2 protein chains.
Amino acid sequence: MGLVKSEIFTHQQNLLASFAKVLGHPARIAILQHIFKSESCICGDLVEEIGLAQATISQHLKELKTIGLIKGNIEGTSVCYCINPEAWSSMKIVLFDFLNKDLNRESNCC
Amino acid sequence: MGLVKSEIFTHQQNLLASFAKVLGHPARIAILQHIFKSESCICGDLVEEIGLAQATISQHLKELKTIGLIKGNIEGTSVCYCINPEAWSSMKIVLFDFLNKDLNRESNCC
DNA sequence: ATTATATATTGCAATATTACGATTAAGGGA
DNA sequence: TCCCTTAATCGTAATATTGCAATATATAAT
């Protein structure tokens with residue numbers, strides 16, 4: 001085991017969980033916050049900014065890229081990362097929709 | 001390794017990641033959706049509803065309880081679970097604040 | 001008391017994640 | 001061309017997660 005049984009869940013549930021999972025590590029949160037903080041793209045000062053090894057940062061960037069949240073543009077010898085606005089928006093929609101489920105509830109029983 | 005270096009991140013980053021992490025599994029999403037769908041508390045029809053073993057569901061419930069998102073009330077021989085509104089609200093605040101970071105940006109460079 | 005029902009816990013196997021050193025690949029500049 | 005810089009990838013060790021059978025616990029009903 002150690003293997004998620006994705007096939008027993010809906011596409012929506014798996015999608016939501018995937019987005020949440022990629023946000024489920026402080027280094028990836030820090031990377032995204034750093035991209036937002038900088039006005040333009042961020043070009044690889046992440047390693048010194050966050051205190052992790054270059055290989056580790058690169059691995060986290062890969063996960064963010066795989067799910068589509070960030071894009072990387074090669075710029076000479078370095079790579080420039082920025083948010084993918086479409087993916088970010090669709091993640092927001094999926095998450096907001098879920099998180100706002102409680103608005104439909106008027107009472108809690110316990 | 002296999003161990004998150006939490007000490008190099010801020011409390012806010014770790015908190016946000018913790019909430020996202022617990023949402024990062026489709027079974028836990030399904031459990032929360034089931035609690036929301038039912039009008040009152042949900043008393044352990046989760047095992048048949050979701051297709052996982054009883055021990056596995058119990059483990060996922062434990063994680064949701066540990067982070068405070070749900071509460072369990074013993075009711076006779078069964079246990080009644082419901083959302084903890086305070087914890088849910090604080091999770092929403094933390095997540096919304098992060099997800100809305102893009103509103104401050106007027107342009108993307110790539 | 002005994003049995004039935006419902007949930008938690010334990011123990012374990014399979015797989016995933018995190019982190020990092022070492023290496024590789026690709027440009028840029030001397 | 002030969003280095004230097006930057007980032008990706010590989011390999012690997014340590015730890016975490018997922019899932020389940022078996023067992024334990026606790027209450028209800030007979």
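Within every chain, numbering begins at 1; the chains are lettered A, B, ... in the order of the sequence lines, protein sequences first and strands thereafter. The structure presented is a predicted model; accordingly, all values stated were derived computationally and were not measured.
Using a 4.5 Å cut-off on side-chain heavy atoms (C-beta onward), I70(B) and N84(B) make no contact. With a 4.5 Å cut-off on side-chain heavy atoms, L95(B) and F96(A) do not count as touching. For the pair H34(B) and S38(B), the minimum side-chain heavy-atom distance is 4.5 Å or more. Side-chain contact between L32(A) and L23(A): present, with at least one pair of heavy atoms (C-beta onward) separated by less than 4.5 Å. Taking the side chain as every heavy atom from C-beta outward, K92(B) and N100(A) approach each other to under 4.5 Å. The closest side-chain heavy-atom distance from V79(B) to Y81(B) is below 4.5 Å.
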> What does nucleotides 21-30 of chain C look like as a protein-contact string, B for base, S for sugar-phosphate only, - for none, at under 4.0 angstrom between heavy atoms?
Replying inline: B------S--
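In this structure, F36(B) has its ring center under 6.0 Å from that of W88(B).
Remark: P of dA6(C) and OH of Y81(B) are 14 Å apart, rounded to the nearest angstrom. At whole-Å resolution of the value, CD1 in I50(A) and P in dA19(C) are 11 Å apart. Atom CD of Q59(A) and atom P of dA16(C) are 14 Å apart (whole Å). Regarding K65(B), its NZ atom lies at a distance of 11 Å from the P atom of dT7(C), rounded to whole Å. Spacing between atom CD1 of I74(B) and atom P of dT7(C) amounts to 11 Å, rounded to whole angstrom units. In this structure, the CG atom of L3(A) is 7 Å from the P atom of dT15(C), given to the nearest Å.
First and last contacts of DNA chain D with chain B, using any nucleotide atom under 4.0 Å from a protein heavy atom and ordered 5' to 3', fall at dA13(D) to dA28(D).
L52(B) comes within 4.0 angstrom of sugar-phosphate atoms only, judged by non-hydrogen atoms across all strands, and of no base.
Between K37(A) and E49(A) a salt bridge is recorded (basic side-chain N to carboxylate O distance below 4.0 Å).
Where S78(A) and K5(A) meet DNA chain D, the nucleotide closest to each residue was compared, and S78(A) sits on the side nearer the 5' end. Mapping K62(A) and K21(B) onto DNA chain D by nearest heavy atom places K62(A) at the nucleotide closer to the 5' end. Comparing H60(A) and D45(B) by the nucleotide of DNA chain C whose heavy atom lies nearest to each, the residue mapping closer to the 5' end is D45(B).
For R28(A) (side chain) and H60(A) (main-chain N/O), no donor-acceptor pair under 3.5 Å exists by modelled atom type.
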